[in-house]
Amino acid sequence: MASFSCFALAFVMALSFASIDVGIAARHLLQLPQLPPMPTLPTTTLPPLPSIPNLPQPSIPVLPRPGALPPLPTMPGLPTLPSVPRATLPPLPSMPTIPTAIPSIPFLSPPPSPSTP
């Protein structure tokens with residue numbers, strides 16, 4: 001954390017010294033004698049741009065109307081396929097049922113405790 005504090009202090013000091021140099025340079029420029037005014041340069045006028053010539057437009061050919069076209073030929077009928085005999089599958093065997101009642105497990109009695117005389 002201390003290194004960040006030192007870095008921030010160095011950064012602020014560098015900015016302040018840079019601003020001092022800018023201030024001194026500005027004062028120096030203000031104390032210089034006035035320069036003579038800049039001479040005005042002659043302006044040239046450009047010639048007008050040439051106009052774009054009109055190109056001839058191509059004529060679009062007239063297409064025949066859709067009703068005037070000959071009708072499309074009809075497709076010949078597809079031949080009929082002979083019927084294939086269907087295969088019958090044997091019935092699936094029945095699934096065995098899972099018993100839902102859990103048989104009781106006999107619990108063993110604890111060993112007898114040793115008797116004290």
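Hydrophobic clustering of Ile, Leu, Val, Met, Phe, Trp and Tyr side chains at less than 4.5 Å, counting indirect connections, keeps Phe17 apart from Phe11. Criterion: ILVMFWY side-chain heavy atoms under 4.5 Å apart, direct or through other members. Under it, Leu9 and Ile20 are part of a common hydrophobic cluster.
Here CG of Leu15 is found 11.5 Å from CE of Met13. Values are rounded to the nearest 0.5 Å.
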